Engineer: 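I am attaching a structure below and will ask some questions about it afterwards.
For reference, positions follow the sequence shown, starting with 1. Because the structure is a prediction, the values reported are computed rather than measured.
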Amino acid sequence: MKLSHLRTNHVKEPLGLNMSRPVFTWTAYDTPDKKQAAAQITVSLEGKTVFDSGRGEDISSLGYEVPIELLPRKRYGWTVTVWGDGGDCASASSYFETAKQDEPWQAKWIAAASSGEI
């Protein structure tokens with residue numbers, strides 16, 4: 001079994017995506033199994049696991065929403081492991097980056113130096 005087309009909110013490896021909750025999708029292929037029997041999704045931030053679904057039969061490859069609060073301007077990694085109904089198994093990983101989310105914008109005006117003359 002192989003996994004491909006890993007997507008977060010329907011985008012491959014999104015950068016600066018403003019989202020409240022990530023939804024993961026994937027495609028399994030090259031397997032004699034007829035259907036997915038179970039899956040597991042883990043999400044990590046800076047090398048630490050922040051979410052682990054555990055192996056679940058209710059996790060759909062068509063869309064699985066992860067109930068975590070995302071921090072702004074961070075790169076999250078995620079891994080999906082899939083088990084087929086005939087015992088075949090595969091894992092694949094991807095990532096996504098969050099946007100500023102609800103952080104306020106901070107900036108200074110850009111202007112040419114003034115000599116005081118018009």
Engineer: Taking the hydrophobic residues Ile, Leu, Val, Met, Phe, Trp and Tyr, and joining any pair whose side-chain heavy atoms are under 4.5 Å apart, which ones share a cluster with Tyr95?
Structural biologist: Leu15

Engineer: Does anything in residues 68-85 form a salt bridge (Lys or Arg N to Asp or Glu O under 4.0 Å)? List the pairs, not counting sequence neighbours.
Structural biologist: Arg21-Glu69, Glu46-Lys74, Arg73-Glu103, Arg75-Glu97

Engineer: Does some side-chain heavy atom of His5 sit less than 4.5 Å from a side-chain heavy atom of Thr25?
Structural biologist: no

Engineer: For Lys2, does the NZ atom sit with more than 12 other heavy atoms under 6.0 Å from it, leaving out its own atoms?
Structural biologist: no

Engineer: Verify, without hydrogens or angle tests, whether Asn9 (side chain) and Val23 (backbone) share a donor-acceptor contact under 3.5 angstrom.
Structural biologist: yes

Engineer: Can you list the other members of the hydrophobic cluster that holds Ile110, where links are side-chain heavy atoms under 4.5 angstrom apart?
Structural biologist: none

Engineer: Which heavy-atom pair separates Gly54 from Asp52 by the least distance, and what is that distance?
Structural biologist: N-OD1, 2.8 Å

Engineer: Which heavy atom of Ala99 sits nearest to which heavy atom of Gly16, and what is that distance?
Structural biologist: CB-O, 3.3 Å

Engineer: I need the Ser60 OG to Gln36 CD distance, nearest 0.5 Å.
Structural biologist: 7.0 Å

Engineer: Kindly write out the residues that satisfy side-chain hydrogen bond (donor to acceptor under 3.5 Å, both in side chains) with Thr31, not counting sequence neighbours, or none if the list is empty.
Structural biologist: Asp88

Engineer: Once rounded to the nearest 0.5 Å, what's the spacing between atom NZ of Lys12 and atom OG of Ser94?
Structural biologist: 8.0 Å

Engineer: Under the side-chain hydrogen bond (donor to acceptor under 3.5 Å, both in side chains) test, which residues partner Ser93, sequence neighbours left out?
Structural biologist: Thr79

Engineer: Other hydrophobic cluster members with Val80, side-chain heavy atoms of Ile/Leu/Val/Met/Phe/Trp/Tyr under 4.5 Å, chained?
Structural biologist: Met1, Leu3, Leu6, Leu17, Met19, Phe24, Trp26, Ile41, Val43, Leu45, Val50, Phe51, Ile59, Tyr64, Val66, Ile68, Leu70, Leu71, Tyr76, Trp78, Val82, Phe96

